[in-house]
Amino acid sequence: MIQVEALTKRYGTTTAVDGLSFSALPGTVTGFLGPNGAGKSTTMRLIVGLERPTSGTATVDGHRYADLPAPLHSVGVMLDARSVHPGRTAYRHLLAHARTHGISTARVREVIEMTGLESVARRRAGTFSLGMGQRLGIATALLGDPQTLILDEPVNGLDPDGVLWVRRLVRDLAAEGRTVLLSSHLMHELALCADRVVIIGKGRLLADAPVQEIVERSAGGSLEEAYLELTAGSVEYRGRAADGTSASGGSR
Ligand SMILES: Nc1ncnc2c1ncn2[C@@H]1O[C@H](COP(=O)(O)OP(=O)(O)OP(=O)(O)O)[C@@H](O)[C@H]1O
């Protein structure tokens with residue numbers, strides 16, 4: 001279980017995360033949503049100890065990430081699929097992670113197969129398409145067979161087959177009793193794969209409820225409509241339509 005309690009992160013005068021509390025439960029896919037700059041990535045970075053909170057706490061199964069005895073076995077993380085060394089092959093990248101955590105070569109082969117990377121495993125990661133990089137990021141997250149998975153925009157760049165594969169994968173992981181927290185801007189996809197959603201805006205909690213409940217509460221009857229209603233006051237970067245009207249956030 002992931003527990004975020006009164007979490008706040010300030011960068012100078014910017015408050016990226018503002019007194020945020022929510023939980024992601026085992027056996028559940030929790031979708032993490034919010035407009036650009038809402039604080040999703042910062043929250044995920046705080047959960048896995050890449051940032052120190054200004055105040056509040058974030059724990060996984062009751063421990064701060066830094067205190068987990070074998071983090072890769074407890075929490076699988078994909079925050080930035082591009083963070084792979086471009087000169088390393090996918091296989092070598094996974095092997096390097098495996099070696100530092102006492103994970104077998106057989107498991108490396110297993111995650112390569114699970115993520116459909118067999119045919120490109122010996123290619124340098126720098127030559128990978130966005131979607132292949134995402135698959136490698138997910139393979140790295142799965143390496144330690146973790147109880148908890150934290151995936152920042154896992155379907156970003158994937159083709160329709162890949163999107164379907166991620167949907168099935170996260171559903172299967174949750175069905176095995178694991179905790180899955182994933183962020184995405186793709187509402188249709190989240191409506192299909194998430195059990196609950198946590199919606200934030202300007203670092204604050206806007207909603208935390210089962211998908212069905214959020215949809216039923218909305219006038220529009222879809223997760224996208226519910227999301228647009230809930231975040232209308234929290235969108236910082238709003239485009240403009242060709243006719244000069246606002247292109248998003250309830251004024252469509
Ligand atoms: N290292 C940093 N230094 C200063 N400001 C930061 C830093 N990291 C994030 N921020 C700011 O914190 C806020 C939240 O950013 P964050 O990346 O967490 O949002 P997000 O919800 O993940 O956005 P997106 O959907 O665009 O990925 C933004 O205003 C961002 O500019």
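For the single chain, residues carry numbers from 1 onward in sequence order. One-based numbering, in listed order, for ligands and for the atoms of each. Being a predicted model, the structure only gives us computed values, none of them experimental.
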_Please determine whether a side-chain nitrogen of the Lys or Arg among E213 and R217 lies less than 4.0 Å from a carboxylate oxygen of the Asp or Glu._
yes
Ligand-residue contact atoms, ligand 1 with [X], heavy atoms, under 4.0 Å:
| X | result |
| --- | --- |
| N36 | 23 (O), 24 (P), 25 (O), 26 (O) |
| A16 | 12 (O), 13 (C), 14 (C) |
| A38 | 19 (O), 20 (P), 21 (O) |

*Examine T42 against ligand 1 and note whether any of their N/O atoms are separated by less than 3.5 Å.*
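Yes, at least one N or O pair falls under 3.5 Å.
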*Give yes if a backbone or side-chain nitrogen or oxygen of K40 is under 3.5 Å from a nitrogen or oxygen of ligand 1, and no if not.*
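Such a contact does occur with ligand 1.
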_Counting only heavy atoms from other residues, nucleotides and ligands, does the tally under 6.0 Å from CZ of R171 exceed 12?_
yes
*For ligand 1, note which part of S183 has a heavy atom under 4.0 Å away: side chain, backbone, both or neither.*
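Neither; no heavy atom under 4.0 Å.
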_Quiz question: by atom type and distance under 3.5 Å, do the side chains of T28 and D195 form a donor-acceptor pair?_
no
*asked:* Using every non-hydrogen atom in the two residues, find where L181 and F32 come nearest and quote the distance to one decimal.
replied: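 Shortest heavy-atom contact: CD1-CB, 4.0 Å.
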_Closer than 3.5 angstrom, by distance alone: can the side chain of K40 be matched with the main-chain N or O of L182 as a donor-acceptor pair?_
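No: the side chain of K40 does not pair with the backbone of L182.
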*Hydrophobic cluster identity match, M187 and L158, side-chain contacts under 4.5 Å*: yes
*asked:* I'd like the name of whichever of G37, G12, P35, G34 reaches closest to atom 23 (O) of ligand 1 through any heavy atom.
replied: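 Comparing heavy atoms across G37, G12, P35, G34, the nearest one to atom 23 (O) of ligand 1 lies in G37.
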*Evaluating non-hydrogen atoms only, which member of G201, S184, S41 is closest to atom 27 (O) of ligand 1?*
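Checking each option, the heavy atom nearest atom 27 (O) of ligand 1 is found in S41.
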*Report yes if the side chains of S74 and D61 come closer than 4.5 Å at any heavy-atom pair, otherwise no.*
no
_In this structure, does ligand 1 have an atom that sits under 4.0 Å from one of the heavy atoms of H185?_
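Under 4.0 Å: yes for H185.
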